[in-house]
There are 2 protein chains.
Amino acid sequence: MFTSSEENYLKAIFHLGITSNKGVSTNAIAKSLHTKASSVTDMIKKLADKKVLVYKKYQGVSLTSEGKKTAANIIRKHRLWEVFLVEKLNFNWDEVHDVAEQLEHIKSPKLINEIDALLGFPKYDPHGDPIPDKEGNLDQIEKSLLSTLAINEFGICVGVHDSSSTFLQFLDKQKIALGQEIIVVEKEDFDGSMVVEINKNKISISNKIANNLYIKKSQ
Amino acid sequence: MFTSSEENYLKAIFHLGITSNKGVSTNAIAKSLHTKASSVTDMIKKLADKKVLVYKKYQGVSLTSEGKKTAANIIRKHRLWEVFLVEKLNFNWDEVHDVAEQLEHIKSPKLINEIDALLGFPKYDPHGDPIPDKEGNLDQIEKSLLSTLAINEFGICVGVHDSSSTFLQFLDKQKIALGQEIIVVEKEDFDGSMVVEINKNKISISNKIANNLYIKKSQ
DNA sequence: AAATATTTTTAGTCTTGTCTAAATTTTAAT
DNA sequence: ATTAAAATTTAGACAAGACTAAAAATATTT
Ligand SMILES: [Mn+2]
Ligand SMILES: [Mn+2]
Ligand SMILES: [Mn+2]
Ligand SMILES: [Mn+2]
């Protein structure tokens with residue numbers, strides 16, 4: 001068994017390791033957990049003793065398969081709880097993160113399996129992120145940032161890169177939701193801004209927004 | 001805000017203080033929390049500093065109204081989660097306690113209010129214990145231990161005193177559930193055992209059982 | 001009332017998880 | 001190849017929450 005703190009470290013390392021194939025750096029973990037590098041070094045040693053990651057001084061860490069499985073399981077719980085909060089308890093997608101951050105540490109296999117069943121075994125969370133299965137496998141849908149689409153390209157909104165409540169509330173205000181079709185109408189080379197059509201409305205999108213919205217291209 | 005540990009102490013003191021009007025003793029708290037008296041003394045001082053209880057050395061403690069309100073709120077959460085687990089997630093009444101023990105510490109007013117609403121604002125938990133309202137008021141239904149009933153007295157099963165899973169599973173096996181009518185048919189002076197009629201069956205009940213099942217007498 | 005037993009508190013220690021400050025190693029720049 | 005900068009680790013400290021053993025206070029017997 002792992003403490004909540006250990007689980008948070010594993011989750012952070014999992015997320016950070018998913019992109020690069022090199023070791024995850026102490027500083028990156030510290031930044032992600034809003035803690036100090038020295039605290040990270042301490043915890044890393046403990047987790048290495050527990051065989052969930054491999055650590056070589058000054059070289060960063062990488063999760064063992066045991067560590068990956070444990071981390072994926074916490075992410076599974078986090079995302080299932082997020083779905084539950086939105087689907088069953090009238091939470092908005094910008095309100096779920098902090099509560100899920102607590103709920104993901106509840107220890108009860110039956111609980112999470114029943115939540116999964118109650119929700120009909122969802123595959124994605126409210127932010128479009130995939131929910132790992134019980135073995136920790138997590139399918140990666142191919143998706144592109146809106147900013148990478150060319151004029152006249154179109155697709156479906158399938159996720160957000162930034163899931164801060166300010167960004168999510170902004171999307172709500174603009175009536176942009178996951179599942180909607182979006183087409184690039186104009187694109188400004190100068191600042192990367194674009195005009196898109198969504199919901200039969202043409203709206204202007206800044207580069208920063210376009211860099212945080214994932215689209216599944218239609219062919 | 002209180003830590004989970006502080007919340008557990010407040011809850012234990014609330015339960016222990018409900019019967020007696022004297023201060024709750026250090027030893028009683030230690031026993032209830034499976035901890036040592038010295039640990040209790042430490043925590044008591046901290047809680048006294050936080051004004052949730054009054055403490056005079058060697059005299060035991062009693063909760064302030066602030067402390068009572070906080071404790072009642074944790075109990076409210078515990079019992080609402082228990083109802084949720086049974087009503088919505090197919091848990092048996094003997095499986096809910098440990099999970100509720102974790103869930104009661106989740107901090108989110110919206111979460112518990114939505115759970116309350118989803119369940120239709122229940123008044124009792126699966127063990128027949130009353131659920132405090134948001135202000136911490138907790139209505140005490142008048143109920144009697146089965147062991148106090150005389151021959152030919154009858155009533156409805158409304159709660160359990162012991163809610164250990166062994167006892168609850170025993171009741172399941174005997175097909176005794178809350179809400180059922182029960183009549184005392186025979187009573188043995190020697191060992192306090194009795195024969196009762198429930199579900200149109202006559203079954204023999206030991207004194208220990210009769211001392212742990214609450215009945216609401218029908219006049 | 002004195003002696004004994006029980007309860008409670010104090011003193012000192014331990015673990016977990018965090019921090020700051022200093023030392024060390026690695027990386028980047030001259 | 002040095003030197004400077006950045007990243008990382010070590011050393012030492014602290015708070016929370018628990019424990020053991022010993023001291024002090026209260027309660028119970030005789
Ligand atoms: Mn989240
Ligand atoms: Mn999410
Ligand atoms: Mn319970
Ligand atoms: Mn209960």
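Each chain gets a letter, A, B and so on, in the order the sequences are listed, and its residues count up from 1. None of the values given here were measured: they were computed from a predicted structure.
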B:D49 has an atom CG; how far is it from atom P of D:dA15, in whole Å? 14 Å

So, OP1 or OP2 of D:dA18: does either fall under 4.0 Å of a side-chain N or O from B:Y9? yes

What's the shortest heavy-atom distance between B:A100 and B:L85, and which atoms? N-CD1, 4.4 Å

Select one nucleotide: of C:dT26, C:dC19, C:dT8, the one nearest the side-chain heavy atoms of B:T41. C:dT8

Identify which nucleotide among C:dT26, D:dT26, D:dC19 has an atom closest to any side-chain atom of B:S39, counting heavy atoms from C-beta outward. D:dC19

Rounded interatomic separation in angstrom, taking NZ from A:K45 and P from D:dT8: 14 Å

Of the nucleotides D:dA21, D:dT8, D:dA18, which has the atom closest to the B:S38 side chain? D:dA21

Could you grab the distance from atom OH of A:Y9 to atom CZ of A:F2, nearest 0.5 Å is fine? 15.0 Å

Rounding to a whole Å, what distance do you find between A:K36:NZ and D:dT9:P? 17 Å

Selection from D:dC19, C:dT26, C:dC19 that lies nearest to any side-chain heavy atom of A:T35: C:dC19

In whole angstroms, the gap separating P of C:dT8 from OH of B:Y55 amounts to 10 Å

side-chain hydrogen bond (donor to acceptor under 3.5 Å, both in side chains) assessment of B:N211 paired with B:S147: CA-CA 5 Å; B:N211 264 320; B:S147 55; 2.9 Å; yes

With ring-ring contact (aromatic ring centres under 6.0 Å, His included) as the criterion, how do B:H78 and B:H97 come out once you've worked through the C-alpha distance, each side chain's angles and the decisive distance to 0.1 Å? CA-CA 8 Å; B:H78 182 107; B:H97 189 75; 4.8 Å; yes

Expressed as a whole number of angstroms, how long is the span from A:F2:CZ to C:dT15:P? 20 Å

Which one, D:dA7, C:dC19, C:dT9, comes nearest to the side chain of A:N27? D:dA7

For atom CD of B:E6 and atom C1' of D:dA18, their distance in whole Å: 14 Å

Assert: residue with more 5' nearest nucleotide on DNA chain C, out of A:D42 and A:Q59, is A:D42

If you pin B:A37 and A:S5 to their nearest nucleotides in DNA chain C, which one's is more 5'? B:A37

Without decimals, in angstroms, what is the distance between A:M43 CE and C:dT16 P? 10 Å

A:V196 to A:I205 - nearest heavy-atom pair and separation: CG2-CG1, 3.7 Å

How close or far is atom P of D:dT26 from atom NZ of B:K57, stated in whole angstroms? 10 Å

